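Have a look at the structure below, then the notes.
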Number of protein chains: 2
Amino acid sequence: MSELHDVAVGAASERIAASLREAILSGEIAPGQWIRQEEVAARLGASRLPVREALRMLEAEGLTEHEANKGSRVPMLGMHEVAVVYQMRERLEPLALTESLPHLTPEQIAHLEQVQARIESDEGLPEFLALDREFHLMSYAGCPTERLVSTISRLWNATQHHRRAFMLLSGPERRWIVNSEHRLLLDAIRRRDAVDGERYLSGHIRRTRTELAQHPEVFAASSS
Amino acid sequence: MSELHDVAVGAASERIAASLREAILSGEIAPGQWIRQEEVAARLGASRLPVREALRMLEAEGLTEHEANKGSRVPMLGMHEVAVVYQMRERLEPLALTESLPHLTPEQIAHLEQVQARIESDEGLPEFLALDREFHLMSYAGCPTERLVSTISRLWNATQHHRRAFMLLSGPERRWIVNSEHRLLLDAIRRRDAVDGERYLSGHIRRTRTELAQHPEVFAASSS
DNA sequence: TGTTGACTGACTGGATCCAATCCCGCTCGA
DNA sequence: TCGAGCGGGATTGGATCCAGTCAGTCAACA
């Protein structure tokens, strides 16, 4: 059957949520911008009701925030909040890695290596952002606790915009450091060494945080 | 105006969410139990639509989980998942405390002391559970990052049932250790000592986790 | 007697219509 | 000229009705 049909059989709210999620993560919908229910419904050919449900789902994923009688929009994070989100990641992601490591299959590890190879092949910015996200989240694929992984996903979602803005202005000349960190992390994963893995991972996140803090122009003005 | 009216002016979905939240946290709705939209709508005098929205809100808070075409229910956590949730708390709550400490007002600290005094006055189990929750979450009241506090709240929500079951069968004879830990934590808060605060707090959570692990009868059978 | 098939009942998912709320701009008055 | 009060338009929130889907049950057939 055609993929058009496959898309259609999925629940409408799921489909709308996927579409909005893509739009938000790609930056098409900017932080602070209101998301009009009717406009989305018309564009995706559905009623407003599944749009409302989709917005609730996205809110649960940390992608939007809702205000009564005013609507939903992508949250605008200030500098300090972004720093705290990164600190949360520094503390949670090593735990997820430790939980994941014993259950990662050789196939999953091989896939991780492929993803890292594609990252190093130096593609465009959107590809880098998607691959970097896939690399890290995939390394938690063995984690038996869904709640931990989804919590981490929320943190990634919340700062996606800042990652893109930061990579845009920092340029590709500093990607070698990401690659070095990823390689060390990947090696620890191959060896299933949780201690080394936690070390490299938290260092990777922490370095990103401190570097991000030196670029205040990435963040929204506190005018909100 | 009467509080009945005050309740009514709030959005219906908010009111329904608050009612369900109370029912779940109090144990009235047991884990694994399906929540029928129509039944809730009839009981609270509303249509099914705000009930659906309320269930989405609760899902965002980690109180329910949703399955397409089947409905919502309170998640049943296995032993390992509860342990991981506690480890997440061990890593996140010290961060929240450190973030909160500089901004806690003397009034808030005084309130914390009152809550601890009420905990030590040895009231019933429901009161203890509510006060213990209030004690910890209140200590994060100064945290300027809402996202961090709400993430922690989700973790508390997820394991509320197990806390109650554990306290029920362990009895009140071991509450002195909670009080000792709370007092040390409270003293660190009074001194605004983040290092000591993190130490006592993570130790408090960790001890609870290990003690909980010795009571497998608290957890749902893996029959789900 | 065991198994498979369709039927039925209940429940969730979605669409349309109506009510309540909020924001913005306008007007009137001091 | 500035501020308070007041509509009008737009947008969200809620109710009712209909369609789709799942599970459990009963009956018929091998």
Side-chain angles (χ1 to χ4, degrees), chain A residues 1-2 4-21 23-24 29-61 63-76 223-224, chain B residues 1 4-21 23-24 29-30 32-61 63-76 223-224:
Chain A
M1 51 182 75
S2 73
L4 187 129
H5 190 71
D6 274 346
V7 169
V9 294
S13 57
E14 300 274 355
R15 187 171 51 92
I16 295 171
S19 173
L20 284 175
R21 189 182 299 118
I24 293 172
I29 301 177
Q33 179 178 342
W34 291 104
I35 301 176
R36 300 277 156 237
Q37 296 177 1
E38 195 140 12
E39 188 260 338
V40 174
R43 185 156 47 84
L44 298 181
S47 126
R48 266 180 44 223
L49 199 141
V51 175
R52 273 155 71 174
E53 297 234 334
L55 288 172
R56 290 287 183 197
M57 293 184 208
L58 296 180
E59 191 181 7
E61 297 172 28
L63 280 170
T64 63
E65 62 186 0
H66 190 82
E67 243 170 298
N69 292 320
K70 292 182 64 177
S72 297
R73 62 174 169 179
V74 182
M76 287 195 300
S223 62
S224 168
Chain B
M1 51 182 77
L4 187 127
H5 191 70
D6 274 345
V7 169
V9 293
S13 56
E14 300 274 354
R15 185 172 52 90
I16 295 170
S19 174
L20 284 175
R21 190 182 298 118
I24 293 172
I29 300 178
Q33 180 177 344
W34 291 103
I35 302 175
R36 302 275 155 237
Q37 295 178 2
E38 194 141 10
E39 188 261 337
V40 174
R43 186 156 47 85
L44 297 181
S47 125
R48 266 179 44 221
L49 199 141
V51 175
R52 275 155 70 173
E53 299 234 331
L55 288 173
R56 291 285 182 198
M57 293 185 208
L58 296 181
E59 192 182 6
E61 295 172 30
L63 281 170
T64 62
E65 62 187 359
H66 190 80
E67 241 170 300
N69 290 321
K70 292 183 65 176
S72 297
R73 62 173 168 180
V74 181
M76 286 195 302
S223 62
S224 167

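Throughout, protein chains are lettered first and strands after them, A, B, ... in sequence-line order, and every chain is numbered starting at 1. Everything quoted here is computed from the prediction, not taken from an experiment.
Contacts of B:Leu55 with the nucleic acid, taken as non-hydrogen atoms under 4.0 Å apart, are absent. Contacts of B:Ile35 with the nucleic acid, taken as non-hydrogen atoms under 4.0 Å apart, involve only primed sugar atoms and P, OP1 or OP2.
With respect to the salt-bridge test (charged N to carboxylate O, under 4.0 angstrom), the residues B:Arg56 and B:Glu59 qualify. By the 4.0 Å N-to-carboxylate-O rule, B:Arg36 lies too far from B:Glu39 to be salt-bridged with it.
Here the side chain of B:Ala46 is nearest to one of D:dA15, C:dA15, C:dG14, namely D:dA15. The B:Arg36 side chain lies nearest to C:dC11 when the options are D:dC22, C:dC11, D:dG14.
For B:Glu67 and D:dT21, the CD to P distance is 17 Å, given to the nearest whole Å. The separation between B:Glu53 atom CD and D:dT12 atom P is 12 Å, rounded to whole Å. Put simply, CH2 on A:Trp34 is 11 Å from C1' on D:dT11, counting in whole angstrom units. A:Asn69 places its CG atom 5 Å from the C1' atom of C:dT21, with the value rounded to the nearest Å. Taking atom CD on A:Glu38 and atom C1' on C:dT16, their separation rounds to 12 Å, with Å as the unit. The distance between atom CG of B:Leu44 and atom C1' of D:dA15, rounded to the nearest whole Å, is 16 Å. Following rounding to the nearest Å, B:Arg56 (CZ) and C:dT12 (P) show an atom-to-atom distance of 12 Å.
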Practice task
Any chance you could lay out the side-chain contact (heavy atoms from CB on, under 4.5 Å) test for B:Ile16 and B:Val40, step after step, and finish with the verdict?
Solution key: CA-CA 8 Å; B:Ile16 295 170; B:Val40 174; 4.2 Å; yes
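A donor and an acceptor atom never sit less than 3.5 Å apart when one is taken from the side chain of A:Arg48 and the other from the base of C:dG14. In the interface, the side chain of A:Arg52 is not paired with the base of C:dG14 through any donor and acceptor atom under 3.5 Å apart.
At C:dC23, one or more side-chain N or O atoms of A:Lys70 fall inside 4.0 Å of OP1 or OP2 (strictly under the cut-off). For the OP1/OP2 pair of C:dG13 and a distance below 4.0 Å, the side-chain nitrogens and oxygens of B:Gln37 include at least one atom meeting the criterion. Residue A:His66 has no polar side-chain atom (N or O) positioned under 4.0 Å from OP1 or OP2 of D:dT11. Contact between the side-chain N/O atoms of B:Ser13 and the OP1/OP2 oxygens of D:dG13 is not found at any separation under 4.0 Å.
The residue among A:Gly71 and A:Leu49 whose nearest nucleotide of DNA chain D lies closer to the 5′ end is A:Gly71. Along DNA chain C, the nucleotide nearest to A:Pro50 and the one nearest to B:Ser72 differ in position, and the one closer to the 5' end is contacted by B:Ser72.
Counting only N and O atoms by type, the side chains of A:Arg48 and A:Gln37 include a donor and acceptor under 3.5 Å apart.
The number of heavy atoms from other shown groups lying within 6.0 Å of CD (A:Gln33) is above 12.
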